[in-house]
Each structure stands twice: as structure tokens, then as C-alpha cells.
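These notes concern the structure reproduced below.
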Number of protein chains: 2
Amino acid sequence: MPGTEDYRTWLGVALEEARAGRAEGGVPIGAALIGPGGEVLGRGHNRRVQDGDPSAHGETAAFRDAGRQRSYAGTTMVTTLAPCWYCSGLVRQFGISRVVVGEKRTFSGGQDWLAENGVEVVVLDDEECVRMMTGFIAAEPALWNEDIGEDG
Amino acid sequence: MPGTEDYRTWLGVALEEARAGRAEGGVPIGAALIGPGGEVLGRGHNRRVQDGDPSAHGETAAFRDAGRQRSYAGTTMVTTLAPCWYCSGLVRQFGISRVVVGEKRTFSGGQDWLAENGVEVVVLDDEECVRMMTGFIAAEPALWNEDIGEDG
């Protein structure tokens with residue numbers, strides 16, 4: 001069974017993605033899909049700005065990057081920010097077993113709903129994740145609201 | 001206010017997409033995002049096979065095709081098949097106002113959850129939609145199970 005050290009390692013991959021997204025002028029949220037043995041199956045970051053693609057949330061980008069999989073049993077989605085309803089629905093529909101969340105202070109999505117539906121949810125409350133989102137939301141509130149479907 | 005005739009017209013766009021997907025050897029599910037005035041903002045079909053992209057469900061493809069939008073208030077997602085949790089989450093997160101469903105006999109996703117959360121849900125129970133999915137599921141059960149995350 002993986003433990004906190006593994007979760008921190010995986011979050012490091014998601015953080016690299018989030019930083020890359022911020023450097024590109026995008027929404028700084030990154031994610032990775034981790035296989036049952038701890039291997040990185042896919043990784044990605046939000047690409048709303050970069051690709052003009054509103055469906056490219058971090059989790060969806062990582063899921064897409066992993067390509068077609070016959071089963072998601074035993075996989076983990078690690079993400080710098082609590083998953084929105086869209087990305088929570090992704091996790092539930094495809095039977096991803098675990099979600100590791102960098103932080104849920106700046107945004108609260110579907111993590112409780114996932115836990116109620118059998119997904120293991122781990123919240124790391126990581127300071128760098130909080131700082132990155134807090135800074136981004138303060139700097140670009142309109143872009144942030146657009147990314148989560150909040151009418152301005 | 002739009003009525004059944006509008007819903008049927010919009011479903012026609014989703015059906016064209018589904019037929020195109022089937023002709024390409026893909027999963028025959030199509031969708032369109034309709035603006036508040038009845039205009040087609042985006043349209044698409046499942047592209048799991050065509051692009052090797054497991055995130056490209058019909059609804060997500062249509063949402064992506066519409067590009068960045070400031071608000072989804074008053075929009076309708078029309079889809080040939082009841083939306084799965086992933087696509088239901090999309091509708092909820094982005095505040096899409098209405099979902100028009102071709103049929104929910106062959107698959108039941110998040111339509112009741114959407115209705116409980118303030119989304120108007122219309123089910124047309126369309127015979128062509130049912131025929132297309134029934135034929136596809138019988139012909140390609142493994143591909144269908146992969147597309148909805150059911151372990152075979």
C-alpha cells in the first residue's frame with residue numbers, strides 16, 4: 001500500500017505540471033494519473049488559455065495523456081487542487097480508485113461526493129499548492145471564474 | 001421558451017454526429033451545445049477510437065468545439081445518450097441550464113442527479129438513438145465497456 005511519502009512524490013509531478021502551466025500564462029493546476037504500481041501513466045495541466053480548450057482541466061489532461069486503458073482499478077489521480085464536478089465525474093465514471101488532492105482551501109469540488117461513492121480521498125494540504133492558487137486567483141479573477149463556470 | 005420541436009431539431013444535430021462517429025468505426029454517441037437563442041455553439045462525437053482519446057465523450061467533444069465561453073447560462077447540451085458521470089459533472093460544473101437526452105434505455109448516468117441540482121432534463125426516448133446504441137453494444141461489447149469504465 002502506498003503511503004504519505006508516495007503521495008508527496010506523486011504530488012511533485014502534478015506540481016511540475018502546474019508550474020509549467022503558470023509559466024505558459026495558463027491556469028496553474030496540474031495532475032497525473034498513477035498506475036497501481038506507482039508508475040506515471042499520464043500527466044498534464046490545465047490548457048484553457050494555451051489551447052483555447054475549456055475541457056482541458058488538469059485531471060482531464062492527465063487522463064487523456066494516459067490514453068486508452070482497459071481498467072482504472074488501483075489507479076490514483078493526483079491533482080494540485082480539489083477536483084471540480086467535471087473532474088470528479090471523470091474519477092467516478094472510470095473507477096479511478098484514489099484521489100490525492102494537493103489542497104482544498106481555495107476551491108472545494110466533489111471530493112466528499114467521491115468519498116461517499118467509494119473513492120479513497122487523501123488531502124495533503126500542501127503549502128505550495130495553496131500559495132500558487134491564491135496568487136493566481138488574486139492576479140486573474142476573471143480567468144479563474146471562467147475556468148470553474150462562475151458567471152462574473 | 002423552446003419546446004419539443006426545438007429539442008427534436010437539436011437532437012438531429014447530435015444524431016448526425018453519432019452517425020458520423022459510427023461510420024468512422026467509433027462509439028456512436030453525438031452531442032451539441034446549443035446557445036440561449038437556439039444556435040449551435042459546438043458539436044461533436046465520441047472520439048475514443050478515432051483519436052485514442054478516452055476523454056473525448058460526445059458531450060465533452062461538443063463542449064470543447066464551442067471553445068471558451070464566459071457563461072453557459074441558458075445553454076442546452078443535447079446528446080443522443082444519457083450523460084455519464086463525467087459528462088454530467090461537466091454540465092453541473094459549468095452551469096449548463098438544460099440537458100436534452102435522446103434516450104436513457106441503454107445507459108443510465110447522472111440525469112437524475114442533474115435534475116436534483118437544478119438542471120432541466122428532457123428525455124426524448126428517441127427510437128433511432130435506442131436502435132443505434134443497442135446495435136453498437138451488441139456488436140462491440142468490449143469497446144462499450146471500455147468507454148464507460150466497466151471492467152470486462
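Protein chains get the first letters and strands the later ones, always in sequence-line order, with residue 1 at the start of each.
A salt bridge is defined here as a Lys NZ or Arg NE, NH1 or NH2 lying under 4.0 Å from an Asp or Glu carboxylate O, and B:Asp51 with A:Arg64 fails to meet this definition. Using a cutoff of 4.0 Å between basic side-chain nitrogens and carboxylate oxygens, A:Glu146 and B:Arg70 are not scored as salt-bridged. Using a 4.0 Å cut-off between a side-chain N of Lys or Arg and a carboxylate O of Asp or Glu, A:Lys104 and A:Asp125 do not qualify as a salt bridge. Ion pairing between a basic and an acidic side chain is recognised when a charged N comes within 4.0 Å of a carboxylate O; A:Arg8 and A:Asp126 show such pairing.
Ranked by heavy-atom pairs shorter than 4.5 Å toward chain B, the options A:Phe63, A:Phe94, A:Tyr86 are led by A:Tyr86. If you tally non-hydrogen atom pairs under 4.5 Å between each of A:Ala142, A:Gly110, A:Gly52 and chain B, the highest count goes to A:Gly52. Of the residues considered (A:Ser88, A:Gly89, A:Cys87), A:Gly89 shows the highest number of contacts with chain B, using heavy-atom pairs under 4.5 Å. The residue among A:His57, A:Arg92, A:Arg48, A:Gln69 with the most heavy atom pairs within less than 4.5 Å of chain B is A:Arg92.
Between B:Trp113 and A:Trp113, the gap from one ring centroid to the other is short of 6.0 Å.
Contacts of A:Val49 with chain B are made by both backbone and side-chain atoms, with heavy-atom separations under 4.5 Å. Looking at B:Ser71, the atoms closer than 4.5 Å to chain A (heavy atoms on both sides) sit in the backbone and in the side chain alike. For A:Asp147, the part sitting under 4.5 Å from any heavy atom of chain B is the backbone (N, CA, C, O) and nothing else.
The backbone N or O of B:Leu81 sits less than 3.5 Å from a side-chain atom of B:Thr79, completing a donor-acceptor pair.
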